[in-house]
Structures are given as structure tokens and as C-alpha cells.
Amino acid sequence: QEYYYDQMTQMEIKQGPAQAEADRVTEHSPQRQGTVLQRFPQRLALVAPPILFQTRRADQDCAESVTAPFFKAQYDLMMAAHCSDHACQIDSGSDVMQCLGDAPPKEFFGLQLEQLGQEKGFADLLYVLDSPVVVRSGEILNTDGFLDASTTSAKVIAVFHMPNNGLTSVLELQGVIEGAKLVTYVNLFHLDYMPEHRRSFFFATYSTLFILLFLVLAL
């Protein structure tokens, strides 16, 4: 109660919503505006669980000429901000700074290096990362660490299929680290499949055209 009265003066100047949520939903509903919402006519099925694929570079020892100025600057900053009594201890800093090589590691997060198209990286089922931890080879791993500073790109791949028309779609959501920026891409590929009745019609049509063309050339 004391906290409420302490904050009451600040809360009094905050304006609430100009319109109740129920009224807003009713007023802006598609039915009220004359919009007819139609159901998507095609059935869409997820063929397999989505995959999270990442490329990364292996860690390597940093050159002393790079690490020494960095750690000295961090030391001076910590001493000035928090350690005026000289009671702080600073560790090696391996969890603060790391250098990356050019080649990917052979193993990461309990996974082996895999080839996907022209890229080499590590793939895992996306839903696995919904859990806060996973156990790989008897080791407990935090899923928050699957993507880290060594990751150079990551993509989510999902495959959908429409049984009504035989169309298979591959959706790729990708993020690439380019310098200090994260560049995102969305790719959607459609793989057509010809059902039996369409194959029969296609074969009969082209067979007839081929025969007519042969007869014309023979005459």
C-alpha cells in the first residue's frame, strides 16, 4: 500500500486508452466494415519439423597485440567504475573476448559438421530449442548458446505441401552477419508435382502432337 501511494502521483499523469478494447474490436471488425473473410481454400501441411541451420567459425587463440590493449582498457574501466577499493579480481577474460578462425569447427553443441547445399554448418530441429536445456553426450547444454558470437549465419528451413494441387513449398528465413550488421533474407521456392491425371493428359496431348507432326513431315 505504501508503494501504491508513492507511485500514485506519477500514475495520475498517465492517460489510459481512449477507447475500450471491446469497443475497438467491434468498431474495426472486418464484418462491420463490409469485408468478407474467406477461408484459404487449399489444405497446407508441414512435411517435416522445421530445421535451424547455422554456419560458424572455430575459436582460436587471440594474438597478444590484439588482446593486451583490450584487457587493459577493460581493467582500467572496471577499476574506475567499481573497484576503487582495489578489492576486485579480474579473470583471464576468455569469456569476454574471443578470436575466430576461417574454418568451421568439426563439432558443436553435440552435433557434427554437415553439408547443406554449398554451405557447411550445424543443423538441429527448431523445436528442440524450445527447451531451456538439452543433453548431448551426457553434457547439459543451454539452448541459449546455440547461436553466439561465433555464428556467421543462421536459417530456418520449413517444407510445406498442398495435397490438393501437389505443390511443395520450401520457406527459408535467413540472417547473415555482415560486419556489424545483421542482414535478413526470405526465400520461398515452389516445387511443382504433377498428379496422375495431369501426367496422363500431358502424355496423351504431346503424343498426339508428335504423331501429327510426323504425318505432316511425311506428306
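Computed from heavy atoms alone, side chains included, the values below leave out hydrogens, waters and symmetry copies.
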Point to revise | Test log, rule side-chain contact (heavy atoms from CB on, under 4.5 Å), inputs H190 and T168 | key: CA-CA 6 Å; H190 298 291; T168 300; over 6 Å; no
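- S137 places no side-chain N or O within 3.5 Å of a backbone atom of E139 that could act as its donor or acceptor partner.
- Residues I157 and L171 fail the side-chain proximity criterion, which asks for heavy atoms closer than 4.5 Å.
- Two residues are said to be in side-chain contact when any heavy atoms from C-beta on lie closer than 4.5 Å; E172 and V186 fail this criterion.
- The backbone N or O of P132 sits less than 3.5 Å from a side-chain atom of T143, completing a donor-acceptor pair.
- Proximity of L126 to I51: side-chain heavy atoms (C-beta onward) are nowhere separated by under 4.5 Å.
- The two residues A123 and F53 come nearest to each other via the heavy atoms CB-CD1, 3.8 Å.
- P50 places none of its side-chain heavy atoms less than 4.5 Å from the side chain of L125.
- Residue pairs satisfying the salt bridge (charged side-chain N to carboxylate O under 4.0 Å, His left out) criterion with at least one member in residues 108-132, sequence neighbours excluded, are listed as follows: E119-K155, D124-R136.
- Within the 4.5 Å cutoff, no side-chain heavy atoms of S150 are placed close to those of R57.
- Only one option out of L129, I140, L141 pairs with V134 in a side chain to side chain contact (heavy atoms under 4.5 Å, CB included); it is L141.
- Ring geometry for F108 against F146 counts as tilted: the plane angle lies between 30° and 60°, on a 0 to 90° scale.
- One hydrophobic cluster, built from ILVMFWY side chains closer than 4.5 Å, holds both F160 and L173.
- Both L111 and Y127 are assigned to one and the same hydrophobic cluster, defined by single-linkage of ILVMFWY side chains at heavy-atom distances under 4.5 Å.
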Exercise for review: In sequence, state the C-alpha distance, the side-chain angles, and the governing distance for L188 and S169, and then conclude on side-chain contact (heavy atoms from CB on, under 4.5 Å).
Suggested key: CA-CA 7 Å; L188 183 62; S169 301; 4.2 Å; yes
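- Crowding of F189 atom CZ: a count of heavy atoms from other residues, nucleotides or ligands under 6.0 Å exceeding 12.
- For the pair E107 and L113, the minimum side-chain heavy-atom distance is 4.5 Å or more.
- F122 and V128 fall within the same hydrophobic cluster, where Ile, Leu, Val, Met, Phe, Trp and Tyr residues are linked whenever their side-chain heavy atoms come under 4.5 Å apart, directly or through other members.
- No side-chain heavy atom of S153 sits less than 4.5 Å from a side-chain heavy atom of I177.
- L116 and V47 fall within the same hydrophobic cluster, defined by Ile, Leu, Val, Met, Phe, Trp and Tyr side-chain heavy atoms under 4.5 Å apart, directly or through other members.
- Separation of atoms CZ (F109) and CG (D148) is listed at 9.5 Å; rounding is to 0.5 Å.
- Side-chain contact of T151 with R56: a donor-acceptor pair under 3.5 Å is present, judged by distance alone.
- The line from CD of Q174 to CG of L182 is 10.0 Å long, rounded to the nearest 0.5 Å.
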